[in-house]
Protein chains: 2
Amino acid sequence: MATLGDVAARAGVSISAVSRVLSDAPDSRVSAATRERIVEAARELNYRPNFAGRALKSARTQVVGLVVPDITNALFTELMHGAEDEATERGYTVLLGRSDDVRPGGEVIARLIGEGRVDGMALQVGDAVQPAGLRDLLTTQAPIVLVNSSNPGHVGSVTLDDHQGALIATRHLLELGHQRIAFANGLPRSFTAKRRRTGYKLALAAAGVRVPKAYETRIGYTVDNGRTALHRLMALDPRPTGIVVANVNAAVGLLGEARKAGIRVPDDLSVVTVHDSWTAENTWPPLTAVKMQFYTVGRTAVRSVIRRIETGETSDEVITDPPPELVVRESTAPPR
Amino acid sequence: MATLGDVAARAGVSISAVSRVLSDAPDSRVSAATRERIVEAARELNYRPNFAGRALKSARTQVVGLVVPDITNALFTELMHGAEDEATERGYTVLLGRSDDVRPGGEVIARLIGEGRVDGMALQVGDAVQPAGLRDLLTTQAPIVLVNSSNPGHVGSVTLDDHQGALIATRHLLELGHQRIAFANGLPRSFTAKRRRTGYKLALAAAGVRVPKAYETRIGYTVDNGRTALHRLMALDPRPTGIVVANVNAAVGLLGEARKAGIRVPDDLSVVTVHDSWTAENTWPPLTAVKMQFYTVGRTAVRSVIRRIETGETSDEVITDPPPELVVRESTAPPR
DNA sequence: CTGAAAGCGCTAACAG
DNA sequence: CTGTTAGCGCTTTCAG
């Protein structure tokens, strides 16, 4: 790989002149002719600035970490795209990491920041992460922004309007005429589950509808969790006529299980989910869903991290624009 | 962040002594007492080696790039896990990148390698990449290993046994008694599509079954491509009684579209797909699939890249162990 | 057994 | 306008 020195030698100038020209300092103080020679030499040698050299000198990597619990998840894909787009526009690169439930990201983050691999991080912790696990992160001075989590301390945060999402989903069933509306929610300690829960409850309360306590399950967001929720809810008496599922993956599992149990959707049971993804379009019947703006979350999170890196400012943001949007497909209908 | 100098000062020794101890050189030539003091000081200061400093000095990052066309894709998830597991075991980190069809990874790769961000790369190009786009990569001396692609030059490669996968899928339908077996394949220029095609053809030939030419579509691997394939195949006369789909995402789309068209699976039509993923379990009916070993591909690819980095050896490998495995679910049955 | 010193590629302050 | 130089944190050779 060509270095600044190689380019300088070829152009017959000093290293610093090359550096000034190629790192396009606004004030490179170089004559047009010299600049020309330098640029030409760099092109010929296919020069690329060495990452380590630059990072070592400047103590900046221009990299932000994005750590999510599960890269698999179709939802995070949108988020990652948003993060990448924002980063690229601002001259940053995104480094993708995984935080599983065991190590709540603490180890990964400490490494990435501690070793100087990234300048800052956007972090979404898994559902099952205990608040205690998060506490360590907050003591850090590092530029960390929490995504779709609570904000228990002095780090910034970006969250979806989960409350509104669940409310819209629930209202959809109410408007179809359902009264016995159940809620297949995430784990009790999940931050997003708490917020979705209030949306569900508020919608019911606003309509003057009361449901048994057992109508809410709090099992989790996975496909299998959805399967379990279906069984638990359908064992109740009276059976619900509609279910709001707090997560699209769980909804896919719930729908499959309903099918297996001979429960017809939407004839016997309406299902609406919070979140949308390509998988929701391809179930049978296609799932009615409330589309949440994950792309915007990604963009906003990275913007927030970069602001934190560059200016030190911290902020807590809720994505309300564009708002959650109901996408009606075929899994919901009026109750019989 | 604490540096070697900080640790040295605290331990009252020289920087080089600290370096020797903490980078656990096998022969650190340091007394037990000194070593103890150094380790203790490092712990107290929460020392972490600076990535840039180390990389600059050693011209090694201990990072391998993994570039895939679409991080979304459930299949690549397995591959990424395999890659990560292998990398971690060998003291490397994985940097994830995306190669879309427009820039066949060329730009991304040139940057990552040229700037010294990674020591080597495992690269899967998209379906739609023209061979010409690949040629540039082959001139490179960089440690690149192609994944699930052909090997048109002197870079290494790791591929699945696509031939065998398609053959097993086709044979499954034959054994159920189908004769009119169609094949919803990827684009003609896709390397994997070519290999799957030979498996399909061989299985038919071995059984002495002949089908019309139009029974093979070569539209692509996406969900929408699968939908299109369904329509095209069902417009034929005589209709096929079974379809082998070359990709699980396309199979999901094809299945959904069959449903919409009132074609009952498996009563009117059997569907079997190459690949397996969680989405295949959650369609209705659940998809019979040939499970391909993406996890092993990931592991092997990273192992191959690292070998290339460390020893310069190049190899071309086909994953045959474990072999592709038929997972029978409910989308296949004997023809009526 | 331990330390001094050079140098990886780059930027930036300073000198000419 | 252009060049010299110090130093970012680390590894490694060479001296002690």
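The sequence lines fix the lettering, A, B, ..., with proteins before strands; numbering per chain opens at 1.
Taking 4.0 angstrom as the limit, B:Ser16 places none of its side-chain polar atoms (N or O) nearer than this to OP1 or OP2 of C:dA4. Checking the phosphate oxygens (OP1, OP2) of C:dT2, a side-chain nitrogen or oxygen of B:Thr34 falls inside 4.0 Å. At least one side-chain nitrogen or oxygen of A:Ser19 sits closer than 4.0 Å to the OP1 or OP2 atom of C:dT11. Taking side-chain N and O atoms only, B:Arg20 has no distance below 4.0 Å to OP1 or OP2 of D:dT11.
Side-chain contact between A:Leu66 and A:Leu79: present, with at least one pair of heavy atoms (C-beta onward) separated by less than 4.5 Å.
The pair A:Glu89-A:Arg299 meets the salt-bridge criterion, with a side-chain N (NZ, NE, NH1 or NH2) lying under 4.0 Å from an Asp/Glu carboxylate O. Salt-bridge formation is not detected for the pair B:Arg37/B:Glu40: no Lys NZ or Arg NE/NH1/NH2 atom is positioned less than 4.0 Å from an Asp or Glu carboxylate oxygen.
Listed candidates were C:dC10, C:dG3, D:dC10. Nearest to the side chain of B:Lys57 is D:dC10. You'll find that the side chain of A:Asn50 is closest to C:dC10, out of D:dC10, C:dC10, C:dC8. Which of C:dT11, C:dC8, D:dT2 sits closest to the side chain of A:Ser31 comes down to D:dT2. Nearest to the side-chain atoms of A:Thr3 among the listed nucleotides C:dC10, C:dG3, D:dG3 stands C:dC10.
Open room surrounds CD on B:Glu36; 12 or fewer heavy atoms of other groups in view lie less than 6.0 Å from it.
Using a 4.0 Å heavy-atom cutoff across all strands shown, B:Tyr47 reaches sugar-phosphate atoms only and no base atom.
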